[in-house]
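What follows is a set of notes on a single structure, which appears directly below.
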Protein chains: 2
Amino acid sequence: MARTIGVIGDRWTLLILRECFLRTRRFEGFQSALGITRHLLAERLKKLVRQGILRRIPYQESPKRHEYILTQKGLDLYPIMMAIVHWGDIHMVDERGRPLLHQHRKCGKDFDPVMVCSECGEPLSAKEVHTHPGPGARSTPPNPAASKTKARSRAA
Amino acid sequence: MARTIGVIGDRWTLLILRECFLRTRRFEGFQSALGITRHLLAERLKKLVRQGILRRIPYQESPKRHEYILTQKGLDLYPIMMAIVHWGDIHMVDERGRPLLHQHRKCGKDFDPVMVCSECGEPLSAKEVHTHPGPGARSTPPNPAASKTKARSRAA
DNA sequence: TTTGACGGTTCTATTTTAGAACTATAGAAT
DNA sequence: ATTCTATAGTTCTAAAATAGAACCGTCAAA
């Protein structure tokens, strides 16, 4: 999770990605949609390309122009987006209501995203889930790296 | 979404919240688990309390000590957490595998979170969803505030 | 020949964050 | 009685990130 947050956990990246999902593809498009500074936008796009979340592809020669489109890795961020949007819809909307609705093409209805268990299909909530170490577990739960913080304990 | 990101969209807040879901409740617990500076931790906890995501409750008098627990609003962030963790599990793990597994108490199995349509129950993906303006839609899609290059307010 | 669109880069000023030390309360140990 | 430890912060300075604005280069159209 820390690694993932290193990629998407800043003030702009998720907003840029949202624009991608809303079909924005070009520098000016992102800039005017978000009001992000051009400097930061260029930085973030570069980073997202490096991370393999966006691909930068030319749409014209002379002058060279590129557009940014989501890779599969980027498309896979969709549940994160939807989860964030949904939480905002529940907890952050003003009296006017939701700014955006989502319609599921398959069934034709406006929907909310629901997170379910892949094994039994039941909706999930925090207390129904038990977390336990996996194969890549860190040796010193919950965080060994934290101890490089100069080991505030006497560390016998 | 911008408003939600204003709350959880920084380098530490989501990590703090993850610790909350992992049952960490106290200042030192967060600090040693994450290695966050004490200054920022205090800031973030205050902010989360102000936002109604955590509640600060005393667990002893003299010296006064408090612990931080998730409100319902905070618990509702669970799908966001799970979506992030799951994306990381797919795209960011090293050869060792997932650091954490999640077991669903109801069915007893280790699971992945799946996001489905609330109306038909089918799994969702970006291209199956059509986005359209809702009652709280902004007048100048996609972002009016961005056009007036002044307007520092976060769409207050 | 100038203007405008596009996609950046460069600069300075402000804000955030990191890192470390310091404060305060109180029980336990010496 | 004094020191140690645990807990939960606060304060300070330096480093990094971000905001805001201007500038640059290519090309097409006016």
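Every chain is numbered from 1 and lettered A, B, ... according to where its sequence line falls, protein lines coming before strand lines.
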Let me know the distance between CD1 of I36(B) and P of dA18(C), rounded to the nearest Å.
-> 7 Å

Report, as yes or no, whether the 6.0 Å neighbourhood of atom CZ on R105(A) holds more than 12 heavy atoms from other residues, nucleotides or ligands.
-> yes

Does a donor on one side chain and an acceptor on the other come within less than 3.5 Å for D110(B) and H132(A)?
-> yes

Does Y68(A) place a side-chain N or O at less than 4.0 Å from the phosphate oxygens OP1/OP2 of dC6(C)?
-> no

T37(A) or S62(A): which one's nearest nucleotide on DNA chain D is closer to the 5' end?
-> T37(A)

Parallel, tilted or perpendicular: rings of H91(A) and W87(A) (30°, 60°) | tilted

Any side-chain N or O of W12(B) less than 4.0 Å from the OP1 or OP2 oxygen of dA18(C)?
-> yes

Grab the CD-P distance between Q60(B) and dG9(D) for me, whole Å please.
-> 12 Å

Name the nucleic acid region contacted by F30(B), choosing base, sugar-phosphate or nothing; use a 4.0 angstrom heavy-atom cut-off, strictly under.
-> nothing

Nearest listed nucleotide, side chain of R65(B), among dG7(C), dA6(D), dG8(C) | dA6(D)

Starting at atom CD of E67(A), determine the distance to atom C1' of dG8(C), rounded to an integer number of angstrom.
-> 16 Å

How is H39(A) classified with respect to the nucleic acid when contacts are heavy atoms under 4.0 Å: base, sugar-phosphate, or nothing?
-> base

Test for a donor-acceptor pair under 3.5 Å between the base of dG7(C) and the side chain of R38(A), counting only N and O atoms.
-> yes

Write down the distance between CD (E61(B)) and P (dA24(C)), rounded to a whole number of angstrom.
-> 20 Å

Spacing of R44(A) atom CZ relative to dT9(C) atom C1', expressed in whole Å | 16 Å

In whole angstroms, the gap separating P of dG7(C) from CZ of F27(A) amounts to 8 Å

Name the orientation class of the two ring planes belonging to F30(B) and Y68(B) (parallel below 30°, tilted from 30 to 60°, perpendicular beyond 60°).
-> perpendicular

For dG7(C), does either OP1 or OP2 sit under 4.0 Å from a side-chain N or O belonging to R56(A)?
-> no

Looking only at atom types and distance, does a side-chain atom of R25(A) sit under 3.5 Å from a main-chain N or O of E67(A), one as donor and one as acceptor?
-> no

Looking at K46(B), does any N or O in its side chain come under 4.0 Å of the phosphate oxygens OP1/OP2 on dT10(D)?
-> yes

For the pair made of CG in L41(A) and C1' in dA17(D), what is the distance, rounded to whole Å?
-> 16 Å

Closest nucleotide among dG7(C), dG8(C), dT18(D) to the L40(A) side chain | dT18(D)

Between D10(A) and K64(A), which has a closest nucleotide on DNA chain D that is more 5'?
-> D10(A)

Between atom CD in E28(A) and atom P in dG7(C), what is the gap in whole Å?
-> 6 Å

